[in-house]
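Working notes, beginning with the structure itself.
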Amino acid sequence: MEQIRKYISDHGLDKVSRDRYLVYNRCYMFAYLRNTYNKTYQSIGRLFNRDHATVIHGLKIYDLFRDDKYFRSLTEEIEKEFPMGVHRDVDQVNCLMYKILNQQETLILNKENNG
């Protein structure tokens with residue numbers, strides 16, 4: 001989590017700014033923290049010096065624009081640094097994507113063995 005805090009601070013995501021680049025990157029990080037770490041709205045807000053309502057709004061923005069080319073172009077760097085579903089500071093066994101893929105593999109093996 002320390003890497004995430006450092007990235008937020010170093011890139012000014014915790015500063016007051018409505019610059020489109022910063023807004024979209026903030027929204028991406030809101031979604032990353034919510035979906036990957038299952039953080040609460042309040043705890044995400046604290047990382048960015050925002051309240052929970054701003055986080056909820058940012059998640060709606062992310063859901064609306066995540067497939068938009070312009071949004072993707074502005075969040076390309078942060079997506080590489082923090083791929084959705086991949087924990088940054090824990091081992092692979094605790095990674096959300098690892099768990100999902102492992103569950104899928106287990107379901108496939110069970111289906112092959114039973115059918």
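What's counted below: heavy atoms across the whole structure, side chains too, no hydrogens, waters or symmetry copies.
At distances below 3.5 Å, at least one donor-acceptor pair connects side-chain atoms of Arg50 with backbone N or O atoms of Phe48. When atom types are taken as modelled, the side chain of His11 and the backbone of Tyr7 share a donor-acceptor pair closer than 3.5 angstrom. Remark: side-chain polar atoms of Thr40 are paired, donor with acceptor, to backbone N or O of Ser43 under 3.5 angstrom.
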Begin with the C-alpha distance, continue with both residues' side-chain angles, and end with the deciding distance and a verdict on side chain to side chain contact (heavy atoms under 4.5 Å, CB included) for Gln42 and His52.
CA-CA 5 Å; Gln42 292 85 1; His52 74 283; 4.2 Å; yes
Yes or no on side chain to side chain contact (heavy atoms under 4.5 Å, CB included) for Tyr21 and Glu77, after CA distance, side-chain angles and deciding distance?
CA-CA 11 Å; Tyr21 173 80; Glu77 178 187 325; 3.9 Å; yes
Side chain to side chain contact (heavy atoms under 4.5 Å, CB included) between Gln3 and Glu81, intermediate numbers included:
CA-CA 10 Å; Gln3 291 172 332; Glu81 186 74 23; over 6 Å; no
Go through Asn25 and Leu22 one step at a time and tell me if the side chain to side chain contact (heavy atoms under 4.5 Å, CB included) criterion holds.
CA-CA 5 Å; Asn25 279 282; Leu22 293 175; 5.8 Å; no
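Here the shortest heavy-atom pairing between Arg72 and Asp67 reads CG-C, 4.4 Å. For Tyr62 against Cys27, the heavy-atom pair with the smallest separation is CB-O, 4.0 Å.
Counting only heavy atoms from C-beta outward, the side chains of Leu59 and Tyr41 approach each other to under 4.5 Å. Contact of the Phe65 side chain with the Tyr24 side chain is registered, since non-hydrogen atoms from C-beta on lie closer than 4.5 Å. Between Lys6 and Ser9, every side-chain heavy-atom pair lies at or beyond the 4.5 Å cut-off. With contacts defined as side-chain heavy-atom distances shorter than 4.5 Å, the pair Ile4/Leu33 qualifies.
Of the inter-residue distances, the one linking Arg5 atom CZ with Arg46 atom CZ reads 10.0 Å to the nearest 0.5 angstrom. Annotation: the span from Leu13 atom CG to Asn49 atom CG amounts to 11.0 Å, rounded to 0.5 Å. Interatomic distance, Arg26 CZ to Arg18 CZ, rounded to the nearest 0.5 Å: 10.0 Å. The structure places OG1 of Thr54 at 4.0 Å from CG of Asp51, a figure rounded to the nearest 0.5 Å. With values rounded to the nearest 0.5 angstrom, Asn35 atom CG is found 5.5 Å from Met84 atom CE.
A search for side-chain hydrogen bond (donor to acceptor under 3.5 Å, both in side chains) contacts involving Arg66 returns Asp63, not counting sequence neighbours.
With Phe82 as reference, Tyr32 is the one residue of Tyr28, Tyr32, Tyr37 to meet the ring-ring contact (aromatic ring centres under 6.0 Å, His included) rule.
Hydrophobic clustering of Ile, Leu, Val, Met, Phe, Trp and Tyr side chains at less than 4.5 Å, counting indirect connections, unites Ile61 with Tyr70.
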